[in-house]
> 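For reference, the structure I am asking about is given below.
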Amino acid sequence: MEKIEVRLDNKEKRLIPSGISIKEALEYFKKNPKEWVAAKVNGEPKDLSFRLNSPCDIEPIFPDSPLGLEILRHSTAHVMAQAVKSLFPEAKVAIGPPIENGFYYDFDYPPGFKQEDLEKIEKKMKEIILQDLPFQRKELSKKDAEELFRGMGETYKLEILEDIPEEKVSIYQQGDFIDLCRGPHLESTGKVKAFKLTSVAGAYWRGIETNPMLQRIYGTAFFNEADLSLYLSSLEEAKKRDHRRLGRELELFTQFEEIGPGLIVYLPKGGVLRHILEEFEVREHLKRGYQLVMGPQFLKIDLWKKSGHLDYYKENMYFTEIEGETYGIKPMNCLAHILIYKSKIRSYRDLPIRYFELGTVHRHEKSGVLHGMLRVRQFTQDDAHIFCRPDQLISEIKGVLDFVDDVMGIFGFEYEVELSTRPKKSIGSDDIWEHATSALTTALKEKGLRYDICKGEGAFYGPKIDIKLKDALGRKWQCATIQCDFALPERFDLGYIGSDGKRHRPAMLHRVILGTLERFIGVLTEHYAGAFPPWLAPVQVSVLTVTDRGIPYGKSVYERLFDEGFRVEVDFRNQKLGYKIREAQLKKIPFMLVIGDKEIESKTVTPRARSGKNLGTMPLQAFIDLLKEEAKIPTPKGDKAN
RNA sequence: GCUGGCGUAGCUCAGCGGUAGAGCAGCUGAUUUGUAAUCAGCAGGUCGGGGGUUCGAAUCCCCUCGCCAGCUCCA
C-alpha cells in the first residue's frame with residue numbers, strides 16, 4: 001500500500017497508509033482522537049473522517065479553542081435544524097452559522113415559532129443527540145446538489161447554491177437531515193453535550209428589509225454543562241450592569257411612557273453626572289483650540305434642501321411650521337457651523353477653524369430600534385466641525401484620533417475602529433470621495449491603528465472613521481466618529497483666500513468624541529457598573545452617624561465638605577451603622593464617613609472606601625486632602641495644562 | 001417598521017374566570033445602635049389604556065400604547 005508522509009503540529013512526522021482518515025491516522029501518532037474536535041489539514045479545517053491522500057501537515061482543533069467551539073456550535077445548529085424539520089416538516093431551512101456566543105438557524109415558517117416550541121425543539125434535539133448519528137460529508141456537483149435541494153423543496157438552499165462559484169459543493173447528512181454546508185463538523189450528534197435555545201426573532205432573508213422575514217432561533221452550546229451554566233450566569237451578571245436598571249436604581253435617568261419613547265429624563269443624580277461631563281468636554285475642547293458656538297434648534301427648510309438633507313436624510317427629520325414657513329428641526333449641527341464659517345472672509349492664516357457645540361439634535365428613529373440611553377430620539381452631541389486647508393487635513397484627523405484616544409484612556413475604554421466608505425445614497429463626485437477616504441486611511445495608517453472596513457456605511461456627505469465601545473452584553477455602539485467632507489463645502493461654496501491671493505475650497509471634518517452624552521453616559525454606566533470614579537460620582541461622600549449624639553458634629557463635617565465643593569450627603573437617621581453602610585454601598589458612593597463618639601471627641605472622621613476598606617480614623621483635613629486627590633478631574637497624559 | 005415575548009403597589013415578582021397578594025422601599029412607633037439589612041404596626045393598585053365575550057375578567061378575545069430580544073437602520 002502506498003504511504004504518505006504526515007506531519008503533526010509541524011513536528012512529528014509519520015509514514016501512514018494513503019487514504020485513511022485523520023482519526024485513524026492519529027493512532028500512528030499515539031494521539032487520542034477523542035480529544036480532537038476536528039483537525040486542520042495544511043491549515044484548512046477538516047472533519048476527523050477526512051481521508052488523507054497526499055503528504056500534509058495536520059494540527060489538532062481542541063474543544064477549548066475558539067475554532068473548536070465554533071464547530072460544536074455549527075453542528076448544534078444542524079441538530080436544531082433536523083429537530084425543527086422533523087417537528088415542523090413544512091419549515092424551509094435558510095442559513096445556520098455559529099456566531100460569537102452561540103449559533104442561530106433561520107427558517108421560513110410563516111406561522112412563526114412560539115416560546116414553547118423552543119422547548120419541544122430542545123427535547124427533539126436531545127433525542128437526536130442520543131441517537132448519536134454520524135455527520136456524513138458528501139461532495140457532489142453543483143448540478144446534483146441543485147437537483148437534490150429542488151427535490152426537497154429547499155428554495156433558500158437553491159439561492160445559496162446560485163452564489164457558489166465552485167463546481168463542487170459539499171453536503172452534510174445526519175439521519176434523514178441533509179444540509180448544504182462547507183463544514184467541518186463533529187463526528188456525530190452524540191458529541192453535542194451542553195446546549196440551550198435562547199430566543200426566537202424575526203430576521204430578513206439575507207438581511208434585506210424587502211425580503212421575506214424568516215424565523216431565527218438563537219442558541220448556544222458548550223462542550224460541558226459547567227461552561228454552559230457559567231455562560232448563562234455571566235449573562236445574568238451582565239444584566240445587573242444594564243444601564244437601564246442602574247439608571248433607575250441609582251436614580252440617574254429614566255423615561256416616562258407619558259412623555260414618549262426615546263426621550264430621556266435626567267434625574268437629579270444623572271443631572272449632576274451630565275453636568276460634570278459637559279464641563280469636562282468644554283474644558284478639553286477649549287484647550288485644544290476649539291471655539292464654542294451654538295446653533296438654533298430649527299432652521300429653514302431651504303437650508304436643508306441645499307445641504308442635501310432633504311433628499312438624503314428626510315426620513316430621520318422632524319419638521320414644524322411657523323407662520324407659513326417650514327422649518328427642519330436639526331438632526332445634525334453642521335449647518336449653523338457652516339454659516340458661521342461663511343459669515344466672514346477667511347484667510348489661509350485663519351485655518352484650521354474648529355467650532356465646537358454641545359448640540360442637541362432630534363432624529364426620527366424607528367420605534368423598534370430604541371434602546372435605553374443608547375438609541376434615543378433626542379440627544380446631545382459633543383459636536384465639532386473643523387474647516388481646514390487641504391494640506392492640514394491629515395494632521396487634523398490625527399489630532400482628533402489623539403483626542404479620542406486621550407479621552408477613552410481617561411475612562412478606561414477599549415475601543416474598535418471602523419472605516420466606512422461611500423454609501424449608495426450619497427452626494428458628491430467619485431473624485432472627492434476617493435480623496436476623503438484616502439485622507440482618513442492615511443491618518444489611520446500613520447497612527448498605526450488597526451481598523452475594519454465597512455463598505456457603503458459612510459454618511460451621505462462623506463466617509464467616516466467610527467469608534468465603537470461595547471455595552472455590558474458586548475454589543476457594540478458607535479461613539480466617536482470622524483467624517484471627512486468635501487461635499488458640503490462645495491454645496492455651500494465655502495472658501496478662503498490662499499497665500500496666492502486666490503480663492504480656495506476648505507476641507508471639512510465633522511467629528512464627535514464621546515459621541516452623544518446620552519449614549520456615552522449609558523455605556524459609561526455599564527462600564528463602571530454604576531460605581532463611578534470619585535470625579536464623576538453624583539455623590540462623593542456620605543456622612544454617617546453612629547448615634548444621634550453625632551448629629552451636631554456630623555453637620556459641621558458636612559458643611560465643611562460642602563464648602564470645599566464636594567458632593568456630599570448625610571445619613572443621620574436613627575438606624576444601625578451597618579444599615580447605613582449597606583445603603584451607601586448599594587448607592588455606590590465612593591466614600592462614607594463614620595461619625596461616632598470617638599470622632600466627635602477627637603474631631604476626626606473615619607472614612608470607609610467603597611471597596612470596603614476602612615481607611616482609619618484621621619483628622620477631617622486629612623480626609624479632605626485625600627478626597628481632593630482622589631476626585632481630581634483627570635487630564636490626559638502629557639497634558640501641559642495639568 | 002418587522003418577528004417573537006412581556007406590561008399586576010415606587011422596585012422585584014406571585015395570582016391566570018369567582019369581589020387583588022408577598023418581599024423590599026415608604027410612613028408611624030419603639031430601639032441609640034461602630035463598618036452590607038433591629039423590631040412592631042400602618043398605608044399603598046380603576047392589574048398599561050380602550051372595546052368585547054361572560055351572571056362575573058388581572059385572568060379569555062380584539063384593538064391600542066409602552067417595554068424587552070433580534071432583524072433592518074443608526075450617534
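In what follows, chains are A, B, ... by sequence order, proteins preceding strands, each numbered from 1.
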> For A:Leu544, report the nucleic acid contact type (base, sugar-phosphate, nothing); a contact means any heavy atom under 4.0 Å.
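It contacts nothing in the nucleic acid.
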> Per the salt bridge (charged side-chain N to carboxylate O under 4.0 Å, His left out) rule, what does the pair list look like for residues 359-380 of chain A, sequence neighbours excluded?
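Only A:Glu209-A:Lys366, A:Glu365-A:Arg375 qualify under salt bridge (charged side-chain N to carboxylate O under 4.0 Å, His left out).
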> How many Å lie between CG on A:Asp471 and P on B:rA75, as a whole number?
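Between P of B:rA75 and CG of A:Asp471: 17 Å.
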> Hey, is the main chain of A:Thr606 close enough, under 3.5 Å, to the side chain of A:Thr617 for a donor-acceptor pair?
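Checking the backbone N and O of A:Thr606 against the side chain of A:Thr617, no donor-acceptor pair under 3.5 Å is found.
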> Using the six-membered ring wherever Trp is involved, compare the ring planes of A:Tyr231 and A:Phe222 and label them parallel, tilted or perpendicular (cut-offs 30° and 60°).
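Tilted: the ring planes of A:Tyr231 and A:Phe222 meet at 30° to 60°.
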> Is there a Watson-Crick or G-U wobble partner for B:rA37 with both distances under 3.5 Å, and which nucleotide is it?
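When the pairing criteria are applied, nothing turns out to pair with B:rA37, so the answer is none.
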> Using a heavy-atom cut-off of under 4.0 Å over every strand shown, decide if A:Arg216 touches base, sugar-phosphate, or nothing.
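Contact class for A:Arg216: sugar-phosphate only.
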> For A:Asp597, answer base if it contacts any base atom (sugar-phosphate contacts may also be present), sugar-phosphate if it contacts only those atoms, and nothing otherwise; contact means non-hydrogen atoms under 4.0 Å.
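Counting heavy atoms under 4.0 Å across all strands, the contact made by A:Asp597 includes a base.
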> Can you tell me which residue among A:Phe113, A:Phe107, A:Tyr105 is in a ring pair (Phe, Tyr, Trp, His ring centres under 6.0 Å) with A:Tyr109?
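With A:Tyr109 as partner, ring pair (Phe, Tyr, Trp, His ring centres under 6.0 Å) holds for just one option, A:Phe113.
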> What contact category does A:Glu599 fall into here, base, sugar-phosphate, or nothing, at under 4.0 angstrom with non-hydrogen atoms?
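Base, at least one base atom sits under 4.0 Å.
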> Tell me whether the side-chain N/O atoms of A:Arg608 come closer than 4.0 Å to OP1 or OP2 in B:rA36.
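Yes, such a contact exists.
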> Looking at B:rC73, I'd like to know if its phosphate oxygens (OP1 or OP2) sit under 4.0 Å from a side-chain N or O belonging to A:His364.
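No, A:His364 has no side-chain N/O under 4.0 Å of OP1/OP2 on B:rC73.
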> Would you say OH of A:Tyr528 has more than 12 non-hydrogen atoms from neighbouring residues, nucleotides or ligands within 6.0 angstrom?
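Check passes, neighbour count above 12.
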> Between the side-chain atoms of A:Arg375 and the base atoms of B:rC73, is any donor-acceptor pair under 3.5 Å?
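Looking at the base of B:rC73, it does pair with a donor or acceptor on the side chain of A:Arg375 (distance under 3.5 Å).
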> Please tabulate, one pair per line, each protein N/O and nucleotide N/O from nucleotides 61-66 of chain B that are separated by under 3.5 Å, including the distance.
unit_1 : atom_1 : unit_2   : atom_2 : d
B:rC65 : O2'    : A:Glu257 : OE2    : 3.4
B:rG66 : O4'    : A:Glu257 : OE2    : 3.4

> For the pair A:His243 and A:His371, name the ring-plane relationship: parallel under 30°, tilted 30 to 60°, perpendicular over 60°.
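Plane angle between 30° and 60°, so tilted.
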> Distance between the C1' atoms of B:rA57 and B:rC62, in whole angstroms?
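Pairwise C1' distance, B:rA57 against B:rC62, rounds to 15 Å.
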> Kindly say if A:Lys239 contacts the phosphate of B:rC68, meaning a side-chain N or O under 4.0 Å from OP1 or OP2.
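Result: no.
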> Return the pairing partner of B:rU19 with a 3.5 Å limit on both distances, Watson-Crick or G-U wobble; otherwise return none.
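Paired with no nucleotide.
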> Establish, for the pair A:Arg608 and A:Phe591, whether the NZ or CZ atom is under 6.0 angstrom from the six-membered ring centre and no further than 45 degrees off its axis.
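The answer is no, since A:Arg608 fails at least one limit relative to A:Phe591.
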> Over how many whole Å does the gap from A:Glu365 atom CD to B:rC67 atom P extend?
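Result: 13 Å.
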> Do we get A:Arg274 above A:Tyr266's six-membered ring, with its NZ or CZ under 6.0 Å from the centre and within 45° of the axis?
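Relative to the ring axis of A:Tyr266, which defines the angle, A:Arg274 lies inside both limits.
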> Out of B:rA75, B:rC71, B:rA37, which has the shortest distance to the side chain of A:Arg582?
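In terms of side-chain proximity for A:Arg582, the closest of B:rA75, B:rC71, B:rA37 is B:rA37.
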> Is a side-chain N or O of A:Asp382 found less than 3.5 angstrom from the main chain of A:Leu514, in a donor-acceptor match?
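Side chain of A:Asp382 to backbone of A:Leu514, a donor-acceptor pair under 3.5 Å: yes, one is there.
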> Of all the choices, B:rC71, B:rC67, B:rU32, which nucleotide is nearest to the side chain of A:Gln255 once you look at every atom?
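The answer is B:rC67.
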> Just call it for A:Ala203: base, sugar-phosphate, or nothing, with non-hydrogen atoms closer than 4.0 Å on any strand.
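Sugar-phosphate only.
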> Does any N or O donor sit under 3.5 Å from an N or O acceptor when you compare the side chain of A:Gln585 with the base of B:rA37?
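No.
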> Heavy atoms under 4.0 Å, any strand shown: does A:Gly578 hit a base, just sugar-phosphate, or nothing?
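Contact class for A:Gly578: sugar-phosphate only.
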> Could you check which of B:rU3, B:rA69, B:rU35 has an atom nearest any side-chain atom of A:Ile581?
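Of the options given, the side chain of A:Ile581 lies nearest B:rU35.
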> Per the atom types in the model, does the base of B:rG4 pair as donor or acceptor with the side chain of A:Tyr218 at under 3.5 Å?
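A donor-acceptor contact between them is absent.
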> Once you round it to whole Å, what is the distance between C1' of B:rA25 and NZ of A:Lys580?
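Value for this atom pair: 18 Å.
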> Contact class for A:Val361 (heavy atom, under 4.0 Å): base, sugar-phosphate, or nothing?
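Since no nucleic acid heavy atom lies under 4.0 Å of A:Val361, the category is nothing.
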> Expressed in whole Å, how much space separates the P atoms belonging to B:rG41 and B:rG23?
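It works out to 11 Å between them.
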> Using atom P in both nucleotides, what's the gap between B:rA14 and B:rC6 to the nearest angstrom?
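Rounded to whole Å, the distance is 11 Å.
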> Could you tell me whether A:Thr606 contacts a base, only the sugar-phosphate backbone, or nothing, with contacts defined as non-hydrogen atoms closer than 4.0 Å?
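Base contact - A:Thr606 has a heavy atom under 4.0 Å of at least one base atom.
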> Roughly how far apart, to the nearest Å, are B:rG10 and B:rC47 at atom C1'?
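About 16 Å, rounded to a whole number of Å.
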> Under a 4.0 Å threshold between the charged nitrogen and the carboxylate oxygen, would A:Asp452 count as salt-bridged to A:Lys468?
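No, no charged N to carboxylate O under 4.0 Å.
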> Looking for any heavy atom pair under 4.0 Å, which part of the strands does A:Val512 touch: base, sugar-phosphate only, or nothing?
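Counting heavy atoms under 4.0 Å across all strands, no contact is made by A:Val512.
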> If the C1' atom of B:rU3 is compared with that of B:rC13, how far apart are they to the nearest Å?
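Here B:rU3 and B:rC13 have their C1' atoms 27 Å from each other.
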> Counting any heavy atom closer than 4.0 Å, what does A:Lys613 reach on the DNA or RNA strands: base, sugar-phosphate only, or nothing?
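Here A:Lys613 touches no strand at all.
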> Rounded to the Å, how far apart are A:Leu214 CG and B:rG4 P?
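In whole Å, B:rG4 P and A:Leu214 CG are 13 Å from each other.
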> Give me the distance, rounded to whole Å, that separates B:rG26 from B:rC11 when you measure between the P atoms they each carry.
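To the nearest whole Å, 15 Å.
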> How long is the line joining CD of A:Glu209 and P of B:rC2, in whole Å?
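To the nearest whole Å, that distance equals 10 Å.
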> Which value, in whole Å, describes the distance between the C1' atoms of nucleotides B:rA36 and B:rA40?
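It comes out at 23 Å once rounded to the nearest Å.
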> Determine, answering yes or no, if A:Phe113 is stacked on B:rG4 under the 5.5 Å centre rule and the 30° plane rule.
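No, A:Phe113 does not stack on the base of B:rG4.
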> Answer with base, sugar-phosphate or nothing: what part of the nucleic acid does A:Gly207 contact at a heavy-atom distance below 4.0 Å?
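If one applies the 4.0 Å heavy-atom cut-off, A:Gly207 turns out to touch the sugar-phosphate alone, with no base involved.
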> Expressed as a whole number of angstroms, how long is the span from A:Met408:CE to B:rA75:P?
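Those two atoms, CE and P, are 15 Å apart.
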> Mind telling me whether A:His285 and A:Phe356 have parallel, tilted or perpendicular rings, with 30° and 60° as the class edges?
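Taking A:His285 first and then A:Phe356, their aromatic rings lie parallel (interplane angle under 30°).
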> So does A:Lys366 get a side-chain nitrogen or oxygen closer than 4.0 Å to the phosphate oxygens (OP1/OP2) of B:rC73?
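Looking at the OP1 and OP2 atoms of B:rC73, neither is under 4.0 Å from any side-chain N or O of A:Lys366.
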> Hey, mind stepping through A:Lys580 and A:Glu583 against salt bridge (Lys or Arg N to Asp or Glu O under 4.0 Å) and telling me if it holds?
CA-CA 5 Å; A:Lys580 298 185 188 184; A:Glu583 250 180 35; over 6 Å; no
> If pairing requires Watson-Crick or G-U wobble contacts with both distances under 3.5 Å, which nucleotide is the partner of B:rC47?
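In the structure as shown, B:rC47 has no Watson-Crick or wobble partner.
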> Let's see if you can work this out: which of B:rU38, B:rC74, B:rU35 has an atom nearest to the side-chain heavy atoms of A:Arg363?
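That would be B:rC74.
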> Just to be sure I understand the rule, does A:Gln478 reach a base, reach only the sugar-phosphate, or reach nothing, if contact means heavy atoms closer than 4.0 Å?
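If one applies the 4.0 Å heavy-atom cut-off, A:Gln478 turns out to touch the sugar-phosphate alone, with no base involved.
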> Out of B:rG5, B:rU3, B:rA75, which nucleotide sits closest to the side chain of A:Gln215?
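Closest nucleotide to the A:Gln215 side chain: B:rU3.
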> Can you tell me if A:Arg475 touches the phosphate of B:rG70, counting only side-chain N or O atoms and a distance under 4.0 Å to OP1 or OP2?
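Result: yes.
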> In this structure, how many angstroms lie between the P atom of B:rC68 and the CZ atom of A:Arg248, rounded?
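The distance from CZ of A:Arg248 to P of B:rC68 comes to 10 Å, rounded to the nearest Å.
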> Taking only the P atom of each, what is the distance from B:rC60 to B:rG15 in whole angstrom?
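Rounded to whole Å, the distance is 12 Å.
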> How many Å lie between CD on A:Glu249 and P on B:rU12, as a whole number?
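Whole-Å distance recorded here is 8 Å.
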> Does A:Tyr579 put a side-chain nitrogen or oxygen below 4.0 Å from OP1 or OP2 of B:rG34?
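No, because none of the side-chain N or O atoms of A:Tyr579 sits under 4.0 Å from OP1 or OP2 of B:rG34.
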